[in-house]
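Fair warning: this is a prediction, and the values are worked out from it, not measured in the lab. Throughout, numbering of the chain's residues begins at 1 and tracks the sequence.
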Amino acid sequence: MTKAYLGLPIAVLAGLVAGACNHTTLTAHRDGGASKSPFGPSEDGTCQAPSSPCGSGSTALCHDLDSDVANCGACGHACTPGVACVAGVCQQTRCTGSVAFHEIASFPRALPGTADRPYSTYLGADLNRDGRLDFVESDATGALALWLGQGDGNFVQVTSYTTVGAADVLASSPWYAAVADFNEDGLMDLMVSISDDTSIALRPGLPGGGFGGPPGRPLSHDQIADVDRDGHLDVLFVKGRPDEHPWFIAMLGRGDGTFATGASYQAEENMVFYAGLLDWNGDGAADLVLMGTYVTILAGRGDGTFAGEERCAVGCPFGAKLADLNQDGKLDPICLWSDNRIGTLLGEGNCDFPPRITYKLPSEPSGPFTVGDLNGDGFSDLIAATFDSAGGRTGVALFLGVGDGTFTTAGSLRIDSDWDVFVADVNGDGRADIVSASNRGIVVYSNACER
């Protein structure tokens, strides 16, 4: 496995764990697209129609559930990237038969990516404002390559950026690049760390789909949120090695591309493989969620600061994703475990979890896994890349969600995916496609299910 978590390849993580354990403007839709900026309710706690409150108490925010792709029809119900929300319904075509995909395009990767130089990609931002999702390659050296989506499943590389020097694989390396409109000019910008990860800088978006500003290593897309609820996007800056109690610093955006240094926190946990700004407890404020040997929560106060750590008695030591799988408004971790199993911890907004639910993978996981609505039924499905020992290639195990946090095993898909895998509609047919980054290159698989 070669995927990097906060800079460490999974193979390295496994060794560390063994040794240690004896939106259009500002609210970025985390998996692509954009949503209208939320706003606070009136003094009597109500939201002006057609908006509805999401969250509770003083940290609740008003969202337009009729058109917000991140909250379509219900708080926290996100549409597949590339799919619009109209009248509270994600405009995605539902499959009537079995889920199937076929390859329609492939492109050689612009960046090599190795176990020693972690490689990451991001699909979900419209870099040139043409209404199509674009693709970003990045690595721990600061190298970038940008691919513009053509709306038919094809991508065209428009530019690339050179490295900024040798990379330490234990430094904070990319985990889905932090692409969003930070200076509020309508163009997607990129946040990077510079000067050996001692500071951050904005690479402002250019009209043709590129970036200006200084070179640097991309920050993580999961570390973007409006943590102080002032209408401007903020960034969580991670400093230090993930296996040595890393520091987390809230950089508070002013809306013009500059940031003020906010509160900082050092993790008590010395095995942090994932850090994200997400609403864990469902109150409308972004919380700091850490995943590693343990799940750790620092509850956001909605003013740019966080409460003290609450360490849960469970963990995701080999990789984690978070999504609301049972539609209760609370995030659920999806975790890899060392026994070739993947499964879920159904969250309740605190540190209480029912027993984990696991599913056996057909072979050893090869790294990437993700969730997305593949059959258009409104429930999150799960795909996990595995090694195909017979063919010497990777495949993808498919699990279909039933809406209560559980999945049915639905066989395997013949898809190459060594590095990253994304679920998005990239050819405009209203169905979720799969775009993967593998040793073979960037490969697009069109959704071919019956409808």
Side-chain angles (χ1 to χ4, degrees), residues 23 27 29-33 35 38 47 50-56 59-95 99 222 225 276 278-287 289 295 297 314 316 320-335 342-359 369-383 398-410 423-425 431-432:
H23 273 340
T27 302
H29 180 3
R30 189 162 303 279
D31 294 313
S35 60
C47 295
S51 297
S52 299
C54 292
S56 60
T59 54
L61 290 173
C62 299
H63 294 264
D64 186 350
L65 304 185
D66 285 343
S67 60
D68 186 347
V69 294
N71 302 275
C72 187
C75 298
H77 180 250
C79 298
T80 297
V83 172
C85 174
V86 179
V89 178
C90 296
Q91 301 301 294
Q92 184 168 337
T93 304
R94 182 165 184 167
C95 296
V99 175
D222 285 353
L278 303 159
D279 185 4
W280 176 262
N281 54 19
D283 65 353
D287 308 308
V289 181
V295 175
I297 310 299
V314 297
C316 283
K321 296 280 186 180
L322 293 122
D324 182 5
L325 301 175
N326 55 358
Q327 304 182 86
D328 65 350
K330 305 295 192 302
L331 291 171
D332 309 307
I334 305 100
C335 306
I342 194 167
T344 59
L345 297 166
L346 297 182
E348 298 180 359
N350 47 35
C351 271
D352 296 328
F353 297 90
R356 72 180 190 179
I357 306 168
T358 66
Y359 305 88
F369 64 97
T370 195
V371 293
D373 184 5
L374 297 174
N375 57 7
D377 64 357
F379 305 138
S380 293
D381 307 311
L382 172 63
I383 53 176
L398 171 64
F399 304 91
L400 296 178
V402 299
D404 61 357
T406 64
F407 299 88
T408 60
T409 302
V423 174
D425 179 13
R431 293 183 289 181

### Cys95: side chain to side chain contact (heavy atoms under 4.5 Å, CB included) partners, not counting sequence neighbours
Asn375, Asn447, Cys449
### Query
Does Asp283 have any side chain to side chain contact (heavy atoms under 4.5 Å, CB included) partners at least two apart in sequence or in another chain, and if so, which?
Ser56, Thr59, Asp279, Asn281, Ala285
### Message
For a disulfide (SG to SG under 2.5 Å) check, start with the C-alpha distance between Cys72 and Cys90, then their side-chain angles and the critical distance, and finish with the verdict.
### Response
CA-CA 7 Å; Cys72 187; Cys90 296; 3.8 Å; no
### Residues which pass side chain to side chain contact (heavy atoms under 4.5 Å, CB included) with Cys316, listed by chain and number, not counting sequence neighbours
Met291, Ala320, Pro333, Cys335, Leu345
### Task
Report the residues that fulfil side chain to side chain donor-acceptor pair (under 3.5 Å) with Asn350, sequence neighbours left out, ordered by chain and then residue number.
none
### Query
How long is the span from the CD atom in Gln327 to the CG atom in Asp404, to the nearest 0.5 Å?
9.5 Å
### Closest heavy-atom pair and its distance - Val423, Pro81
O-CD, 3.6 Å
### Query
Considering all heavy atoms of both residues, which atom of Leu325 and which atom of Ile334 are nearest to each other, and what is their separation?
CD1-CG1, 3.8 Å
### For Thr358, side chain to side chain donor-acceptor pair (under 3.5 Å) partners two or more places apart
Arg341
### Task
Could you check Leu65, Asp68, Leu61 and say which one makes a side-chain contact (heavy atoms from CB on, under 4.5 Å) with Cys54?
Leu65
### Query
Between Asp332 and Gly347, is there a donor-acceptor pair closer than 3.5 Å when you use the side chain of the first and the backbone of the second?
yes
### Task
Indicate yes or no: at least one non-hydrogen side-chain atom of Ile297 is less than 4.5 angstrom from one of Val289.
yes
### Task
Mind checking the CG-CG spacing from Leu346 to Asp324? Nearest 0.5 Å is all I need.
9.5 Å
### Task
Taking the side chain as every heavy atom from C-beta outward, state whether Thr344 and Phe407 have any pair of such atoms under 4.5 Å apart.
yes
### Summary
Residues at least two apart in sequence or cross-chain that pass side chain to side chain contact (heavy atoms under 4.5 Å, CB included) with Leu398, listed by chain then number, are Val99, Leu374, Ile383, Leu400, Ala410, Leu413
### Side-chain donor/acceptor of Asp373 to backbone N/O of Ser380, under 3.5 Å
no
### Task
With rounding to the nearest 0.5 Å, note down the distance linking CZ in Phe369 to NZ in Lys321.
6.5 Å
### Query
Donor-acceptor pair, Asp381 side chain versus Gly401 backbone, under 3.5 Å?
yes
### Query
Is the distance between the SG atoms of Cys47 and Cys62 less than 2.5 Å?
yes
### Message
Within the structure provided, determine whether Arg356 and Val314 are in side-chain contact (heavy-atom separation under 4.5 Å).
### Response
no
### Query
Is a side-chain donor or acceptor of Asp377 paired with a backbone partner of Phe379 at a separation under 3.5 angstrom?
yes
### Query
When rounded to the nearest 0.5 angstrom, what is the spacing between CZ in Arg431 and OG1 in Thr93?
7.0 Å
### Query
Quick one: does Thr406's side chain get under 4.5 Å of Asn326's, heavy atoms only?
no
## Note on the structure
In this structure, CG of Leu331 is separated from CH2 of Trp280 (nearest 0.5 Å) by 6.5 Å
#### Entry: Inter-residue atom distance Asn71.CG - Asp64.CG, 0.5 Å rounding
10.0 Å
